[in-house]
Q: 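My questions will all concern the structure given below.
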Amino acid sequence: MALRVRFAPSPSGYLHIGGARTALFNWLWARKNGGTFILRVEDTDQERSSIESVRAILDALRWLGLEWDEGPEVGGGKGPYFQSERRALYRELGEQLVREGKAYRCDLTKEELDQLRADFKAKNPKGEFVYKGPYRECTDPSKPHVIRFRTPRDGSTDFADKVFGHISTPNSEQPDFVLMRSDGFPLYNFAAVVDDHAMDITLVARGRDHVGNTPQQVLLYRAFGWTPPDFAHLPLMLASSGEKLSKRNASVAVHEYRDRGYTPMGVLNYLSRFGWSYGDQEIFSREELVRLFDWERVGRSDGKFDEKKFADVAFEHLKRPELTPPSDYVSSVTPFVAARGIERPDQARIAAALPLIRDRAHSLVEAADLLDFYLREPPVLDDAARPLLTPAAAPHLEAVRKLVADAGSFVASDLEAAFKAWLEASGIKMKDVAQPVRVALSGRKASPGLFDVMVVLGRETTLARLDRAIQLCRGS
RNA sequence: GGCCCCAUCGUCUAGCGGUUAGGACAUCGGCCUCUCACGCCGGUAACGCGGGUUCGAUUCCCGCUGGGGUCGCCA
């Protein structure tokens, strides 16, 4: 049977990097094997689901380039892809299990259950309440009720996990879990099983926090007489604090990294190496990831997200032209440049300056900052740089101005040669003249090499900036 | 607390019986140098503990300890 995997988020918050990793591994597996990657929205909880979250998740996935073959806004032959639109199916199958005696109606109310929990908690402050039944089976279907699964009392439920191997759980541990809520909406375990089966999912890959659900789901597959899919659980990505990643924690939201100027592959590369490895290799292109990914190389222990390592991996992608081609870099950084108030940034000049900022910009936000003075006339003069434009610096700038004006060819090596010759002849030290010139050209105390900057600016602009600096020196 | 799972530098990890336990990030030195970077060189830094199995355990088994997950009419 053709490989079909899915990513099934609940639209109750942003897509965070942990969820993005789950989506990535599914996507990689599908792409590697020519399978189908399905996106399904698990919006059965009307209280917590929101259309904004659906939007946010779709946008984040698209930005990362994890395009889905079937799902919202794409369609497919196994829809609908929103669980809220599949209620009739769940209801029908729930009734079927009741008819077959594999499930039953229970009219114990939520309040009564809460009371039981509270009572238990009062007596056993340490332990956690576990009520496995028997629940109150109701005979009057017109009364509000849920449908519970009639869980076997003994034996155990096993499944093979592609990452963790064989996992066995005693059935005595499982409660008579709820399939259908009293409001007619299905609960996670039930809806997931029904949909995974209906959508012909062949492998369910999700976070390790779902291993406890798997036995219940396997029990459901058996009750229906369906063959369970394969399972693969991923070790958890914890926050750097060691706590579980939260959907409400905006700082780990995918869109946050986009806004901070990281590229999709920067994010994906870091995520790919979290729980998966390929020898000592750290940096991968998207194509390499698709080719090399394998469940065999997925680890089993949880890890903590590391901001520094993440930033470095992202930087590596920005730094290497083979990973981020110039044209991609220019189009990616342009919006960040524009956000600084530079209207219709000169793309050609950005491209020209690119080699000078590539190994200096750790993010597109930084890149836009480093690009600023090439694109703004006059350049912004930093407060910290202003003091370098002293009357004493004026003569040096005058001399440099002449050199630039007289230079035959306007290429870095020739400019540097002429510069060195002048220093030689005058006995002036490079250290003493470089900083004023740098401030004149860039308005900053730090910049790429002077001659490279001049070439990007062009002779005319270089002269204009030197002139302006000379005026400022005299004025101070 | 029950059940399930995990355990190599601070962090992400390589290792699949015999290695000076490797790489990357971080960190600390140094080099390069017109500034800032990049780059390069080098240092500090790990197999949780106790039993086995074996000629030999980081590696296999058991226990302990530690950590995590889960125990909802959330997903």
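Naming: A, B, ... by sequence-line order, numbering from 1 per chain.
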Q: If B:C25 has a Watson-Crick or G-U wobble mate with both distances under 3.5 Å, name it; if not, just say none.
A: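 By the stated definition (distances under 3.5 Å), B:G10 pairs with B:C25.
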Q: Report the distance from atom OH of A:Y104 to atom P of B:C73, rounded to the nearest whole Å.
A: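 Atom-to-atom, A:Y104 to B:C73, this comes out as 11 Å.
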Q: I'd like the C1' distance from B:C55 over to B:G50, given in whole Å.
A: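 Those two atoms are separated by 23 Å.
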Q: Determine the sole option in A:R286, A:H317, A:E288 for which the side-chain hydrogen bond (donor to acceptor under 3.5 Å, both in side chains) test with A:N269 is passed.
A: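 The single option meeting the side-chain hydrogen bond (donor to acceptor under 3.5 Å, both in side chains) with A:N269 is A:H317.
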Q: Rounded to the nearest Å, what distance is computed from the CD atom of residue A:Q115 to the P atom of nucleotide B:G72?
A: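 These atoms are roughly 16 Å apart.
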Q: Is the number of heavy atoms from other residues, nucleotides or ligands under 6.0 Å of A:E47 CD greater than 12?
A: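 Not buried by this count: 12 neighbours or fewer within 6.0 Å.
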Q: Under a 4.0 Å heavy-atom cut-off, which of residues 163-175 of chain A touch RNA chain B?
A: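 Listed by number, they are A:F164, A:I167, A:S168, A:T169, A:P170, A:E173.
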Q: Which part of the nucleic acid, if any, lies within contact of A:R358, taking any heavy atom under 4.0 Å across all strands shown: a base, the sugar-phosphate backbone alone, or nothing?
A: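 The answer is nothing, as A:R358 stays clear of every strand by at least 4.0 Å.
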Q: Can you tell me, in whole Å, how much space there is between the C1' of B:U53 and that of B:G63?
A: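 Between the two C1' atoms, the distance is 15 Å.
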Q: Does NZ or CZ of A:R87 fall inside the cone over A:F185's six-membered ring, less than 6.0 Å from its centre and within 45° of the axis?
A: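 The answer is yes; both the distance and angle limits are met.
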Q: Would you give the length of the straight line joining atom OG of A:S240 to atom CG of A:D306, rounded to the nearest 0.5 angstrom?
A: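 Atom-to-atom, A:S240:OG and A:D306:CG are 8.0 Å apart.
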Q: When you check every protein heavy atom under 4.0 Å of nucleotides 10-15 of chain B, what one-letter string (B, S, -) results, 5' to 3'?
A: -SBSS-
Q: Please say whether the positively charged group of A:R21, taken as NZ for Lys or CZ for Arg, lies over the ring of A:F25, i.e. under 6.0 angstrom from the six-membered ring centre and within 45 degrees of the axis.
A: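 So A:R21 does make the cation-pi contact.
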Q: Pick out the pairs of N or O atoms, protein on one side and nucleotides 57-60 of chain B on the other, that lie under 3.5 Å.
A:
none

Q: Is there a Watson-Crick or G-U wobble partner for B:G39 with both distances under 3.5 Å, and if so, which one is it?
A: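 The answer is B:C31, by the H-bond criterion.
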Q: Report the base-pairing partner of B:C49 (Watson-Crick or G-U wobble, both distances below 3.5 angstrom), or none.
A: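 The base-pairing partner of B:C49, which may sit in any strand shown, is B:G63.
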Q: Side-chain N or O of A:R117 less than 4.0 angstrom from OP1 or OP2 on B:C73?
A: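 For B:C73, OP1/OP2 do have a side-chain N/O of A:R117 under 4.0 Å.
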Q: Would you classify A:N213 as touching base, sugar-phosphate or nothing, given that sugar-phosphate means primed atoms plus P, OP1 and OP2, and contacts are heavy atoms under 4.0 Å?
A: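 It contacts base atoms.
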Q: Base, sugar-phosphate or nothing for A:V211? Non-hydrogen atoms, less than 4.0 Å.
A: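 Result for A:V211 = nothing.
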Q: Just call it for A:K429: base, sugar-phosphate, or nothing, with non-hydrogen atoms closer than 4.0 Å on any strand.
A: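 No contact.
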Q: In the 5'-to-3' direction, what one-character label does each nucleotide of nucleotides 32-40 of chain B receive under the scheme B = base within less than 4.0 Å of a protein heavy atom, S = sugar-phosphate only, - = no such atom?
A: --BBBBSS-
Q: May I ask which nucleotide in the shown strands pairs with B:U58, Watson-Crick or G-U wobble, both distances under 3.5 Å?
A: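 By the stated definition (distances under 3.5 Å), nothing pairs with B:U58.
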Q: Which of residues 105-114 of chain A sit near RNA chain B, with a heavy atom under 4.0 Å from it?
A: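 Those residues are A:L108, A:T109, A:K110, A:L113.
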Q: How far, in whole Å, is B:G10 from B:U44 if one measures between their C1' atoms?
A: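 Straight-line distance between the two C1' atoms is 12 Å.
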Q: Take atom CZ of A:R206 and atom P of B:C5, then tell me their distance rounded to the nearest Å.
A: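 Computing the A:R206:CZ to B:C5:P distance gives 16 Å.
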Q: Check the distance between B:G69's P and A:D209's CG and give it to me in whole angstrom.
A: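 Spelled out: CG on A:D209 to P on B:G69 is 9 Å.
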Q: List in chain and number order the residues that pass salt bridge (Lys or Arg N to Asp or Glu O under 4.0 Å) with A:E282, two or more places apart in sequence or in another chain; answer none if no residue qualifies.
A: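 For A:E282, the residues satisfying salt bridge (Lys or Arg N to Asp or Glu O under 4.0 Å) (neighbours in sequence not counted) are A:R273, A:K309.
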Q: Considering only the C1' atoms, how many Å lie between B:C32 and B:G42, rounded to the nearest integer?
A: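 Approximately 15 Å lies between the C1' atom of B:C32 and that of B:G42.
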Q: Which residue pairs pass the salt bridge (Lys or Arg N to Asp or Glu O under 4.0 Å) test when at least one of the two sits in residues 143-166 of chain A, sequence neighbours left out?
A: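 As it turns out, the salt bridge (Lys or Arg N to Asp or Glu O under 4.0 Å) pairs with a partner in residues 143-166 of chain A, which skip direct neighbours, are A:D107-A:K143, A:E137-A:R150.
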Q: Listed by chain and number, what are the salt bridge (Lys or Arg N to Asp or Glu O under 4.0 Å) partners of A:E52, not counting sequence neighbours?
A: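 Per chain and number, A:E52 pairs via salt bridge (Lys or Arg N to Asp or Glu O under 4.0 Å) with no residue.
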Q: Within residues 393-400 of chain A, find the residues that approach RNA chain B with a heavy atom at under 4.0 Å, and present them sorted by residue number.
A: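 The answer is none.
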Q: Taking atom C1' in both B:G67 and B:U11, what distance in whole Å separates the two?
A: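 Approximately 16 Å lies between the C1' atom of B:G67 and that of B:U11.
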Q: Which whole-number value in Å describes the distance from A:I57 CD1 to B:A75 C1'?
A: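 To the nearest whole Å, that distance equals 11 Å.
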Q: Sequence neighbours excluded, which residues qualify as side chain to side chain contact (heavy atoms under 4.5 Å, CB included) partners of A:F336?
A: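 Expected list: A:L364, A:V365, A:A368.
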Q: Suppose we screen for salt bridge (Lys or Arg N to Asp or Glu O under 4.0 Å). Which residues come up paired with A:E416, at least two apart in sequence or across chains?
A: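 Scan of A:E416 (salt bridge (Lys or Arg N to Asp or Glu O under 4.0 Å), adjacent residues dropped) gives A:K420.
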Q: Show each protein N/O and nucleotides 42-47 of chain B N/O combination with a separation under 3.5 Å, one pair to a line.
A:
none

